[in-house]
Amino acid sequence: MNMTTTSMPVAGLVPGPRQEQPQADLLVRNAKVFTGDPDRPEARAVAIRDGRVAALGDDHDLAHLVGPGTRVVDALGRRVIPGLNDSHLHVIRGGLNYVLELRWDGVRSLRQALAMLREQAGRTPKGQWIRVVGGWTAEQFAERRMPTVAELNAAAPDTPVFVLHLYQSALMNRAAVRAAGFTRDTPDPRGGQIVRGRDGEPNGVLLAAPGALILYSTLAKAPALDEADKRTSTRHFLRELNRFGLTSAVDAAGGFQNFPDNYATVVDLARSGELSLRIAYHLFPQTAGQELADLKRWTEMVKPEDGDEWLRLNGAGENLTWAAADFENFSEPRPELAAGYEAEFERAVRLLMENGWGFRLHATYDETIRRDLAVFEKLAAEGLFPGGNRWLFDHAETVSADSLDRIAALGGALSVQNRMSFQGTAFRDRYGAEAAARTPPVRAMLDRGLTVGAGTDATRVSSYNPWVALHWLVTGRTVGGTALYPAENLISRETALGLYTRGGARLTGEQDVKGVLREGCYGDLAILSDDYLTVPEAAIPDIESVLTVVGGRIVYASAEYEGLDEALPPIDPAWSPVAHFGGYQGGARQASLVAEAVAESEQHRRWRVARGSGPEAPLPFYDPCYEH
């Protein structure tokens, strides 16, 4: 398309005469634009030039910006929003592994999940593993249960299978137990358990008790991609995120993500202009006992905001010292952190403040948050904290009202994730419905004027689909439909969207250029498949983008716009689960599979009734997530 380029016929819209004002590179017209800007909340068209929003208005207002080189996109009356920003996403680590993973995200029946596993076993070469790594929970399945080790053995008798379930556990078939080198003589690691049968042999179940290191260290034994395939894998993962309207993410670092080695792929993609997602990243000390040395070395190598609008350093964390980290396995009791961890933790925070570094800090429980705040208050009394540096708590599920006041007084912020939509039932069962009703207290955070960003903590716990998280924020329901929060603890759709746009931008100091559609801001937007502001609540998780734009570039296109986005290299290796199944599996394509699973469950009930071990009347099957 060398002339005025359109994705749809645009009757009556022709290039205008030569104007003093330069033409737009991209014009999105005939749209319902939610700008996120309180000064101008709505528009019908958006013009982008040189990667930034050049103008907003009605179609006729912007017609003069159309020239011979302008690409015109007809939104066909669809909803347009600012690009989404996941404020806590393990995007760098996720990209390095994406094409190796069989994703159960969005699969609505265990029967289908096992069928995918069985099919993948037939194409996985010898020496490789099948890995299902997060993004699912038993509650999402029609059968309402996890797979068994026996089912994994039946589906893949010879291919190692590793299935991670949240931060709680992992299931391994016999082949994976052998490949990982587990025997009756393998000792349990600290904070973890290798479950054994009566004969003392590992039975394929690993438990985080309560630490997840046993899960991640076992996964790390599986073969990794070579450097070229890591590059391709990352590009396809970013495209998958673009599919849901994500245009930015704040990478929270994490275990087994070493700097600078494991950052090399995104750095290379940034240098070559091939990132399709803006990334602000953090640095996370990997080795207990070496944290201060790592932090000191990094402060001498790089500094926050190094980089550009596509890839930039945001600070340290989400762990600063291992001793200060709690664990978020709600199936286990709250861990008691070691006495006296504050001394080393204080040295780490002091080092960062003295060098102009902000940080983010993993803290699930208020007990941890209170101890950390005491350290910050001590440094604040010396005039050192926060010293103009951005800092925030991540997760903060059980943060108290008093702690929120202390965070506000110290100029802190928060990043919340929808881990409760995957683990909320386990939390409620342990701590009670009253405690679950305010976990986390998002409304109380906002009422205090605190900066709050929203995210997922994907890929190893929640799914990376931001609309699942937005559904949780708006409805207070788990992925299985369990209601957690009363109405007074919920937030509006517009407020939730603000946490996923402006909130994330504030956490990285980019609020003047990101998170809203306003003249001069980044040209980042998404045209949605369904109108988030008006669809039934139950349909929110099924929303996708049909066209995603980052800096004026079309980075994802489907439906009427298919083929307008940039070409990607084919997935390598060819046996990749993603090459066959794709990523997130939600939407209408699952509906028939759910019906099959329900029918199979009813047949099983009748079998039990015939043997006197089940109820005579069928149990009601209802879940609002299956209504759409």
### Task
Report yes or no: do D326 and T368 form a side-chain donor-acceptor pair below 3.5 Å?
yes
### Query
Any Lys/Arg nitrogen of D86 or R278 sitting under 4.0 Å from an Asp/Glu carboxylate oxygen of the other?
no
### Query
Going by heavy atoms in the side chains, are V468 and I540 under 4.5 Å from each other?
no
### Contacts of type ring pair (Phe, Tyr, Trp, His ring centres under 6.0 Å), residue Y167, not counting sequence neighbours
none
### Query
Any idea how F162 and W129 line up, ring-wise: parallel (<30°), tilted (30 to 60°), or perpendicular (>60°)?
tilted
### T321 side, atom OG1; D294 side, atom CG - distance, nearest 0.5 Å
12.0 Å
#### Entry: Between CG on residue L102 and CD on residue E119, distance to nearest 0.5 Å
9.5 Å
### Query
Got D268 and E274 here, is their nearest side-chain heavy-atom distance under 4.5 Å?
no
### Message
Checking the side chain of E328 only, and the main-chain atoms of Y365 only, is there a donor and an acceptor separated by less than 3.5 Å?
### Response
no
#### Entry: S576 (side chain) donor-acceptor with D572 (main chain) under 3.5 angstrom
no
### Task
Go through the structure and list residues passing ring pair (Phe, Tyr, Trp, His ring centres under 6.0 Å) with Y431, not counting sequence neighbours.
F427
### Query
From S462 OG over to D105 CG, what is the distance, rounded to the nearest 0.5 angstrom?
9.5 Å
#### Entry: Min side-chain heavy-atom separation S233-L100 under 4.5 Å
no
### Query
How about W472 and R477: do any of their side-chain heavy atoms sit closer than 4.5 Å?
no
### Task
Find out whether L213 and L215 are in side-chain contact, i.e. whether some heavy atom of one side chain is under 4.5 Å from a heavy atom of the other.
no
### Message
Quick check for you: to the nearest 0.5 Å, what is the distance between T183 atom OG1 and R178 atom CZ?
### Response
13.5 Å
### Task
Taking side chain to side chain donor-acceptor pair (under 3.5 Å) as the test, write out the residues that go with T548, two or more places apart.
S545
### Task
Please report the closest heavy-atom contact between V177 and G204, naming both atoms and the distance.
CG2-CA, 3.8 Å
### Query
Is the closest side-chain heavy-atom distance between Y216 and R460 below 4.5 Å?
yes
### Query
What residue pairs, at least two apart or across chains, pass ring pair (Phe, Tyr, Trp, His ring centres under 6.0 Å) with a residue in residues 102-127?
W104-W136
### Message
Between R131 and E101, does any NZ, NE, NH1 or NH2 come within less than 4.0 Å of an OD or OE carboxylate oxygen?
### Response
no
## Note on the structure
Across all chains, not counting sequence neighbours, the ring pair (Phe, Tyr, Trp, His ring centres under 6.0 Å) partners of W467 are Y532
### Message
If the threshold is 4.0 Å, N to carboxylate O, is there a salt bridge linking D565 and R239?
### Response
yes
### Query
Any idea which heavy atoms bring T218 and I214 closest together, and the distance?
OG1-O, 2.7 Å
#### Entry: H362 and its ring-ring contact (aromatic ring centres under 6.0 Å, His included) partner, picked from H282, H88, H395
H395
### Message
Rounded at 0.5 Å granularity, tell me how far CG in L207 sits from OG in S331.
### Response
9.5 Å
#### Entry: CG-CG distance between L225 and L96, expressed to the nearest 0.5 angstrom
8.0 Å
#### Entry: Distance-minimising heavy-atom pair for W322 and P285
NE1-O, 3.2 Å
### Task
Please report the closest heavy-atom contact between L473 and A454, naming both atoms and the distance.
CD1-CB, 4.0 Å
### Task
May I ask you to say whether E227 pairs ionically with R231, meaning some side-chain N is under 4.0 Å from a carboxylate O?
no
### Task
Take atom CZ of R174 as the centre, draw a 6.0 Å sphere, and report whether it contains more than 12 heavy atoms from other residues, nucleotides or ligands.
no
## Note on the structure
Which of R438, Q417, Q423, R419 passes side chain to side chain donor-acceptor pair (under 3.5 Å) with E397? Answer is R419
### Message
Side chains of R430 and F330, heavy atoms from C-beta outward: is any pair under 4.5 Å?
### Response
no
### Task
Decide yes or no on side chain to side chain donor-acceptor pair (under 3.5 Å) for E544 and N465, but give the supporting numbers first.
CA-CA 9 Å; E544 296 185 10; N465 182 348; over 6 Å; no
### Query
Do D251 and L89 touch side chain to side chain, with heavy atoms closer than 4.5 Å?
no
### side chain to side chain donor-acceptor pair (under 3.5 Å) between E139 and T425, intermediate numbers included
CA-CA 9 Å; E139 279 193 65; T425 301; 2.6 Å; yes
### Task
Identify the heavy atoms of T398 and D366 that sit nearest to each other, and give their distance.
OG1-N, 2.8 Å
### Query
Does the ring of F237 carry R93 above it, NZ/CZ under 6.0 angstrom from centre and within 45° of its axis?
no
### Query
If we ignore angles and hydrogens, is there a donor and acceptor under 3.5 Å between the side chains of E240 and Y464?
yes
## Note on the structure
Residue set satisfying ring pair (Phe, Tyr, Trp, His ring centres under 6.0 Å) with Y500, at least two apart, ordered chain then number -> none
### Query
Do you know which two heavy atoms are closest between N418 and T456, and how far apart they sit?
OD1-CA, 3.4 Å
### Query
Checking E336 side chain against R334 main chain: does a donor-acceptor pair fall under 3.5 Å?
no
### Salt bridge R184-E201, side-chain N to carboxylate O under 4.0 Å
yes
